[in-house]
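One structure below.
In what follows, every heavy atom counts, from backbone to side chain, and hydrogens, waters and symmetry copies are set aside.
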Amino acid sequence: MADGAVNFLLEKLTALILQKASLLGNVKEDVEEIKQEFESMRAFLKDANRRKEISNDEGIGIWVRQVRDVAYEVEDFIDEFMHHKDRWRRRNGFNGILHHTVSLPKIIISTHQIATKLPKLKAKVHGISERSKRYDFDKIDDIKSSNIEFNGRWQNHGETSLFVDEDEILGMEENKNKLLLWLSEDEPRRTIISIVGMGGLGKTTLVTKVYNDQIVKRIFDCWAWVSVSQTYRIEELLLSMIKEFIDRKQVVVPRNLGSMNYRQLVDVLISYLHDKRYVIVLGDVWSIDLWSKIRGALPNNRCRSRIILTTRNENVASSVGMGSRVHHLQPLLEKDAWSLFCRKSFWRNHDRTCPRELKEIAKVIVKKCEGLPLAIVAMGGLMSSRDQTVFEWKKVHDSLNWQLSNNAMLERVKAILLLSFNDLPFYLKHCFLYCSVFRDGHPIKRKKLIRLWVAEGFIEERKGMTMEEVAEDYLKELIFRSMLQITETNDAGRVKTCRLHDFMRELALTTSEKENFCTAFDARESRLDGRIRRLSIYNSGENIQLSKSMSNCLRSFLLFQTETFPSSLPHMLTNFKLLRVLDLQGASVDTLPDDLVGLISLRYLNLRETRLRELPKSIGKLQYLQTLDVRNTNVESLPSGITKLSNLRHLYVYHYKNRYSKDYNFLSTMKTPVGMWNLQSLQTLACIEADETLIKQVGNLSELRRFEVAKLRAGDGPKLCSSIEKMCCLLYLGVMASNDEEPLHLEVLSPPTLLQKLTLVGHLQSLPLWLGSLMNLTHLCLGWSRLGQDMLSSLQVLSNLVFLELKKAYEGQLLHFHSGYFPRLNKLNLWELTQLNCVIIEEGALPSIRLLYLIRCAELKILPTGIEHLTGLEKLHLEEMPEEFVQKLHSDISEDRWNVRRITTIKHVFQTEQNLFVETLL
């Protein structure tokens with residue numbers, strides 16, 4: 001991670017020198033000199049880390065840590081320097097800066113302590129750079145051989161995997177049969193079969209079992225297994241492949257084999273394989289360009305040849321192109337994981353079963369492994385060496401983070417998982433480690449994570465993309481690399497939440513704490529000391545104390561599900577002048593100290609679901625603030641200072657009177673001050689109260705991606721439409737009338753072409769004509785519309801819809817879904833359609849539907865006709881539906897019951913005078 005800290009600093013210094021050279025004044029030359037020294041050290045860091053891993057040389061380890069620590073110190077100085085610079089600029093004005101740029105003691109710094117830091121830092125950087133010469137990093141040959149030795153320890157384990165213990169194959173029989181089927185099918189073309197999954201999931205074990213099967217030996221003429229490293233050379237891979245054939249006496253050995261170049265090696269392989277049915281395993285592939293380099297040596301001879309490729313990276317699997325097969329290996333099922341753990345832990349017991357008194361803690365340990373065979377085997381081996389007592393086992397469980405770092409029996413788990421981490425580019429290393437600030441096992445929301453990354457400065461700028469779009473690409477890459485797991489997607493298949501595998505999180509925590517990147521605190525102690533850069537608090541106690549030693553280095557402070565909240569904490573936090581992220585979501589905060597606006601480096605402020613009544617009046621001093629979230633608080637209006645936040649990108653200001661309901665009736669908005677339209681950086685504005693001047697001027701916010709406005713009056717429609725037509729970047733639009741009787745007059749002549757989500761809540765005389773032109777629309781919610789016409793024939797042109805909600809939107813009696821209607825619709829909500837008594841679904845309609853919600857449709861007493869055609873329907877949710885409707889589903893002999901037999905889940909939610917009940921019908 002030292003290389004990550006240095007790369008991050010260099011990016012920061014480069015941007016600072018290019019963008020704010022005039023503000024640096026007399027320190028510019030010193031900053032450039034420091035930058036050059038770090039560029040020199042960066043060249044050696046990667047190899048220094050490898051040498052440290054191989055030789056365990058304490059001197060090299062100390063040097064690496066020194067580089068990391070001084071990189072942090074320089075970053076702290078730069079941030080502190082710019083902090084004081086900004087404070088002076090606001091006090092003296094721009095003209096004052098121009099007048100005094102040459103006077104460092106008076107202008108650039110505000111205290112003598114800051115002035116004396118830079119020479120000391122520069123000397124320290126020079127000293128560390130000079131020290132690197134002791135380790136002879138210029139000996140390239142030694143480094144290369146070290147790389148080979150290091151990679152060989154954990155990456156080239158294909159050969160050892162050929163002799164896997166049968167116990168480690170548990171739960172893989174179905175996967176094995178699937179691969180054997182793909183290998184033996186009649187497809188004549190050369191086919192690539194990719195096995196994808198995170199490290200330790202058993203990819204190599206599975207392929208070994210298949211590779212050694214007699215079926216493979218019988219149907220293929222020749223076979224080879226080549227392990228690919230992160231630092232492979234294509235010539236070495238080709239040579240290894242030829243030697244595999246030589247070892248099996250399948251090819252004549254060319255005399256000059258060892259001296260052949262790439263072209264000659266390719267010719268040898270083509271010559272031998274051109275008329276043979278071959279199978280080749282490329283194990284543990286990391287690079288997406290491998291296939292383009294090796295494909296020419298593996299002829300597509302139409303002999304039903306197969307190539308098996310194992311990888312942790314989804315992008316590698318997709319890079320091989322058309323005609324390939326991809327198998328995503330899943331974790332072991334619970335029963336298989338338990339069986340494997342018991343075999344490893346209790347092998348001394350005659351029946352290999354878990355003693356009754358250990359069962360509870362053993363189940364917890366197995367759950368921690370989350371079906372990862374490597375972790376299960378390692379933990380089983382570790383526990384087998386411990387006394388079979390609850391006390392002893394609980395000690396291991398509670399110290400898993402320490403065990404993973406220090407216990408030799410878990411070294412293989414750590415090393416194999418670290419391969420994935422080490423393969424990340426530096427910018428992804430920061431993003432991955434940052435995920436460890438979230439609570440163990442809890443899903444991480446995509447939008448929140450992205451905004452935190454942006455606030456921290458982890459995201460590089462790319463021309464033509466917003467920082468949030470770049471960050472989303474980072475997230476996808478971490479998922480494709482099997483570093484993060486998707487836990488929930490939205491109706492369009494986009495990631496909604498993700499999480500770290502428990503063992504990956506333990507690895508991230510261990511690395512973060514070791515590298516002083518971030519710290520997770522669970523209130524076992526009352527005081528926090530040291531130079532902590534990022535701090536997340538779980539279940540904090542009243543007595544928590546933050547040390548002043550953190551005041552010049554703490555960048556992030558995040559609170560998660562705290563049972564108690566120290567009232568003094570907000571005041572303590574005002575001392576941390578370099579704070580970029582402050583997340584107090586859910587805390588019992590009533591007020592914020594006025595001094596909070598002194599945190600002028602703050603980028604992210606989350607006060608969601610607190611008891612806050614008002615924001616500081618001088619909030620406009622937070623000039624760098626990017627995200628402000630005051631959803632579901634007691635704040636009723638925004639201070640006028642909000643209009644000075646020129647860097648604000650995301651503003652969330654609405655709340656629901658009933659926090660557990662997203663019903664439009666309970667939506668409450670905040671009053672916004674005049675001048676909101678001056679916030680030119682805004683991408684999110686949700687949800688503001690309609691004001692005649694505001695809706696007329698809001699079109700000036702050309703960067704808006706999400707815009708929601710409520711309490712709209714009929715006469716405001718034309719002005720709003722004029723503004724909407726200017727929002728060319730808009731992706732999400734929500735318009736809500738002041739009440740269910742208020743008509744919506746929305747005639748947008750040129751609607752935003754990129755619009756993906758649309759919510760219209762209010763009385764519509766007819767569907768807007770422009771609605772049919774929204775070809776990118778995926779989500780549509782109509783509320784209170786009270787349309788009487790056949791709306792489906794007008795809506796069905798929206799062929800990309802994946803979500804449709806009709807709430808009090810239709811007053812007709814029939815909804816007829818004709819064949820071909822809504823080909824991509826995933827979820828359909830029919831909510832309080834009071835006159836609806838018949839739904840017809842023709843065969844060929846709604847072919848992609850998975851979720852159907854029928855809520856309070858009082859006249860609908862029979863199932864939709866044709867529901868049996870919805871073969872992909874997984875869930876039917878009923879809420880307060882007529883008793884006659886529900887009773888037909890209760891009867892085992894009814895036709896309705898027969899028509900829904902394929903649906904996985906049918907639930908009925910109904911209200912009594914006392915309680916809300918959920919009844920599972922299927």
With distance as the sole test, does T778 use its side chain to make a donor-acceptor pair with the main-chain N or O of Q756 at under 3.5 Å? yes
Minimum heavy-atom distance L767-S794, with the two atoms named: CD1-CB, 3.7 Å
Given side chains that start at C-beta, do those of E725 and L749 come closer than 4.5 Å, heavy atoms only? yes
Will you find, in the side chains of N837 and E859, an N or O donor that is under 3.5 Å from an N or O acceptor? no
Within the 3.5 Å criterion, strictly below it, is a donor on H816 or E842 matched to an acceptor on the partner's side chain? yes
Going by atom types only, do Q485 and R499 share a side-chain donor-acceptor pair under 3.5 Å? yes
No-hydrogen, no-angle side-chain donor-acceptor test under 3.5 Å, T610 and T633: no
E874, CD atom: more than 12 neighbouring heavy atoms under 6.0 Å: yes
Salt-bridge criterion met for E472 and R446 (N-O under 4.0 Å): yes
Can you tell which of R824, K827, K757 makes a side chain to side chain contact (heavy atoms under 4.5 Å, CB included) with F803? K827
For the CD1 atom on I288, are there more than 12 heavy atoms of other groups (residues, nucleotides or ligands in this structure) within a distance under 6.0 Å? no
Nearest heavy-atom pair of V653 and R631: which atoms, and what distance? N-CG, 4.5 Å
Of all heavy-atom pairs between L798 and F822, which one has the smallest distance, and what is that distance? O-CD2, 4.4 Å
Hey, is the main chain of L782 close enough, under 3.5 Å, to the side chain of S785 for a donor-acceptor pair? no
Carboxylate-amine/guanidinium contact E468 R649, below 4.0 Å: yes
What distance do E884 atom CD and L889 atom CG have between them, rounded to the nearest 0.5 Å? 11.5 Å
With heavy-atom distances below 4.5 Å as the criterion, would you say the side chains of L720 and F707 are in contact? yes
Given side-chain contact (heavy atoms from CB on, under 4.5 Å), test Q683 with T466 step by step and report yes or no. CA-CA 10 Å; Q683 296 179 26; T466 66; 4.2 Å; yes
Going by heavy atoms in the side chains, are S681 and L648 under 4.5 Å from each other? no
Could you tell me if the side chain of I642 sits less than 4.5 Å from the side chain of P673, heavy atoms only? yes
Output for pair (L755 CG, L771 CG), nearest 0.5 Å, gives 9.5 Å
Does the side chain of Q585 pick up a donor-acceptor pair with the side chain of N606 at under 3.5 Å? yes
Would you name the heavy atoms of M483 and L500 that are closest together and state the gap between them? O-CD2, 3.5 Å
Pairwise side-chain contact, Y604 with K448, heavy-atom cut-off 4.5 Å (strictly under): yes
Give the intermediate values and the outcome of side-chain contact (heavy atoms from CB on, under 4.5 Å) for residues L746 and L760. CA-CA 10 Å; L746 298 174; L760 299 178; 3.7 Å; yes
Would R439 count as a cation-pi partner of F560, with NZ or CZ less than 6.0 Å from the six-membered ring centre and within 45° of the ring normal? no
Spatial distance of atom CD1 (I479) from atom SG (C498) [nearest 0.5 Å]: 5.5 Å
Tell me whether the rings of Y853 and H877 are parallel (<30°), tilted (30 to 60°) or perpendicular (>60°). parallel
Without swapping roles, check the side chain of N800 against the backbone of M775 for a donor-acceptor pair under 3.5 Å. yes
Quick one: do Y434 and F458 satisfy ring pair (Phe, Tyr, Trp, His ring centres under 6.0 Å)? Show the steps, please. CA-CA 10 Å; Y434 200 84; F458 296 157; 5.7 Å; yes
Any donor-acceptor pair under 3.5 Å linking the side chain of D740 with the backbone of G762? no
Where H908 and E880 come nearest, the two heavy atoms and their spacing: NE2-N, 4.1 Å
Determine, for D716 against K696, whether the closest basic-nitrogen to carboxylate-oxygen distance falls under 4.0 angstrom. no
Would you say CD of E692 has more than 12 non-hydrogen atoms from neighbouring residues, nucleotides or ligands within 6.0 angstrom? no
Ignoring hydrogens and geometry, is there a side-chain-to-backbone donor-acceptor pair from E708 to L733 under 3.5 Å? no
Please check: side-chain N/O of T759 versus main-chain N/O of C781, any donor-acceptor pairing under 3.5 Å? no
Partner of L870 under side chain to side chain contact (heavy atoms under 4.5 Å, CB included), picked from L876, I849, I903, is I849
Does the side chain of Q680 come under 3.5 Å of the side chain of E703 through a donor N or O and an acceptor N or O? no
Taking N739 for the side chain and E741 for the main chain, is one N or O donor matched with an acceptor at less than 3.5 Å? yes
Are H327 and K178 side-chain neighbours, meaning at least one heavy-atom pair lies under 4.5 Å? yes
Between L815 and L836, does the side-chain contact (heavy atoms from CB on, under 4.5 Å) criterion hold? Intermediate values first, please. CA-CA 8 Å; L815 282 177; L836 184 68; 3.9 Å; yes
Could you verify whether a donor N or O on one side chain and an acceptor N or O on the other, from H650 and T627, lie under 3.5 Å apart? no
Does some side-chain heavy atom of I695 sit less than 4.5 Å from a side-chain heavy atom of L712? yes
Going from CZ on F817 to CD1 on I841, what distance comes out if it is rounded to the nearest 0.5 angstrom? 6.5 Å
Looking at R856 and E832, is there a salt bridge between them, counting it only when a charged N and a carboxylate O are closer than 4.0 Å? yes
Would you say that Y474 contacts L428 through its side chain, given a criterion of any heavy-atom pair below 4.5 Å between the two side chains? yes
Taking all non-hydrogen atoms of both residues, which atom of A471 and which atom of I459 are closest, and how far apart? CB-CD1, 3.7 Å
Between CD1 on residue I444 and OG1 on residue T487, distance to nearest 0.5 Å: 8.0 Å
Looking at residues at least two apart in the chain, or sitting in another chain, which of them share a ring pair (Phe, Tyr, Trp, His ring centres under 6.0 Å) with H328? none
Can you tell me how far apart CG (D473) and CG (L478) are? Round to the nearest 0.5 Å. 11.5 Å
Chi angles and distances behind the side-chain contact (heavy atoms from CB on, under 4.5 Å) call for V839, T865: CA-CA 6 Å; V839 177; T865 302; over 6 Å; no
